[in-house]
Amino acid sequence: MIYQLTVPAAVKGVDEIRVLEWHGDVGRSFAKGELIVELETHKAVVEVRAGQSGVLRRVLAEAGDWKEIGLALAVFSDSVDESAPADDKDLAELAVDFEVT
């Protein structure tokens, strides 16, 4: 199955978050609980961890990019054998956990 990782509503009152750093390149597998990406608001850092295992298929926001809450950051698949679709619309949400520091 193909999933999208969206910008989480991690901090109340924040409308957009900046991508600080991806913790892996396209093609990397993530296990549940592994750090995927670090995001930043004007007041906090948000660590986004995989809530399920998956493979990073495509990055839609590079380090330094600002994205609105709810917009797609990346496309994931269940396995390395699945390819990401050309159209990223109507994809299921990748389960994530996040911590605000």
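Hydrogens, waters and symmetry mates are skipped; everything else that's a heavy atom, side chains included, is used.
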Chemist: Within this structure, what is the CZ-CD1 distance for the pair Arg49 and Ile36, rounded to the nearest 0.5 Å?
Modeler: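 Arg49 CZ to Ile36 CD1: 9.5 Å, rounded to 0.5 Å.
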Chemist: Cut-off 3.5 Å, side chains only: do Glu93 and Thr6 have a donor facing an acceptor?
Modeler: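 Yes, because at least one side-chain N or O of Glu93 sits under 3.5 Å from a partner of the opposite role on Thr6.
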Chemist: Test Leu56 against Asp25 for side-chain contact (heavy atoms from CB on, under 4.5 Å), laying out the working first.
Modeler: CA-CA 7 Å; Leu56 180 59; Asp25 296 322; 6.0 Å; no
Chemist: Same hydrophobic cluster for Val59 and Val46, using side-chain heavy-atom links shorter than 4.5 Å among ILVMFWY?
Modeler: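 Yes.
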Chemist: Return the minimal non-hydrogen interatomic distance between Ala72 and Lys67, and the atom names on each side.
Modeler: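 It is O-CE, 3.2 Å.
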Chemist: Would you kindly confirm whether Val75 and Val26 end up in one hydrophobic cluster when ILVMFWY residues are joined by side chain heavy atoms under 4.5 Å apart?
Modeler: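 No; tracing contacts between hydrophobic side chains, which count when under 4.5 Å, never links both residues.
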Chemist: With the 4.5 Å side-chain cut-off for hydrophobic clustering, are Trp66 and Leu60 part of the same group?
Modeler: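 No, Trp66 and Leu60 fall in different hydrophobic clusters.
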Chemist: Before giving the answer on side-chain contact (heavy atoms from CB on, under 4.5 Å), spell out for Gln52 and Leu94 the whole-Å C-alpha distance, their side-chain angles and the decisive distance to 0.1 Å.
Modeler: CA-CA 7 Å; Gln52 66 190 63; Leu94 180 73; 3.7 Å; yes
Chemist: Do other residues, nucleotides or ligands put more than 12 heavy atoms under 6.0 Å from the CD atom of Glu40?
Modeler: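 More than 12 heavy atoms, drawn from other residues, nucleotides or ligands, come within 6.0 Å of this atom.
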Chemist: To the nearest 0.5 Å, what is the distance between CZ on Arg57 and CG on Leu5?
Modeler: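 Reported to 0.5 Å precision, the distance equals 15.0 Å.
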Chemist: Taking side-chain hydrogen bond (donor to acceptor under 3.5 Å, both in side chains) as the definition, give me every residue that meets it alongside Glu16, ordered by chain and number, with sequence neighbours left out.
Modeler: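 Listed in chain order: nothing, the list is empty.
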Chemist: Distance check, rounded to the nearest 0.5 Å: Ser77 atom OG versus Tyr3 atom OH?
Modeler: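 Rounded to the nearest 0.5 Å, the OG-OH separation comes out at 9.0 Å.
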Chemist: Looking only at heavy atoms, what is the nearest atom pair of Asp97 and Ala50, with distance?
Modeler: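 It is OD2-O, 4.3 Å.
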Chemist: Please check this pair: side chain of Asp78 against backbone of Gly54, looking for a donor-acceptor N/O pair closer than 3.5 Å.
Modeler: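 A pair under 3.5 Å: no.
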Chemist: Could you walk me through whether Leu39 and Leu73 pass side-chain contact (heavy atoms from CB on, under 4.5 Å), step by step?
Modeler: CA-CA 11 Å; Leu39 307 173; Leu73 290 174; 4.1 Å; yes
Chemist: How about CG on Asp15, more than 12 heavy atoms from neighbouring residues, nucleotides or ligands closer than 6.0 Å, or not?
Modeler: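 Counting neighbours around CG of Asp15, 12 or fewer heavy atoms of other residues, nucleotides or ligands fall under 6.0 Å, so no.
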Chemist: Which residues satisfy the side chain to side chain contact (heavy atoms under 4.5 Å, CB included) test with Thr41, sequence neighbours excluded?
Modeler: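 So Thr41 forms a side chain to side chain contact (heavy atoms under 4.5 Å, CB included) with Val11, Val14, Ile17, Lys43, Ala44.
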Chemist: So which atom in Ala9 and which in Phe98 form the shortest heavy-atom distance, rounded to 0.1 Å?
Modeler: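 Nearest heavy atoms, Ala9 then Phe98: O-CZ, 4.2 Å.
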Chemist: Kindly work out whether a path of hydrophobic side-chain contacts (I/L/V/M/F/W/Y, heavy atoms less than 4.5 Å apart) joins Val100 to Ile69.
Modeler: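 Same cluster: Val100 reaches Ile69 through Ile, Leu, Val, Met, Phe, Trp or Tyr contacts under 4.5 Å.
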Chemist: Check Glu62 against Trp22 and note the closest heavy-atom contact, atom names and distance.
Modeler: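 Looks like CA-NE1, 4.4 Å.
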Chemist: So which atom in Ser29 and which in Val55 form the shortest heavy-atom distance, rounded to 0.1 Å?
Modeler: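 For Ser29 and Val55, the tightest heavy-atom pair comes out as OG-CG2, 3.6 Å.
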Chemist: Report the C-alpha separation of Phe76 and Ile2 in whole Å, then their side-chain angles, then the decisive distance to 0.1 Å, and conclude whether the side-chain contact (heavy atoms from CB on, under 4.5 Å) test is met.
Modeler: CA-CA 6 Å; Phe76 283 78; Ile2 307 297; over 6 Å; no
Chemist: Can you tell me how far apart CD (Glu38) and CZ (Arg18) are? Round to the nearest 0.5 Å.
Modeler: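 With rounding to 0.5 Å, CD (Glu38) is 11.0 Å from CZ (Arg18).
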Chemist: Given side chains that start at C-beta, do those of Pro8 and Val48 come closer than 4.5 Å, heavy atoms only?
Modeler: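 Pro8 vs Val48: side chains touch.
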Chemist: Before accepting this row, confirm whether a basic side-chain N of the pair Lys32/Glu34 lies closer than 4.0 Å to the acidic partner's carboxylate O.
Modeler: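 No, this pair does not count.
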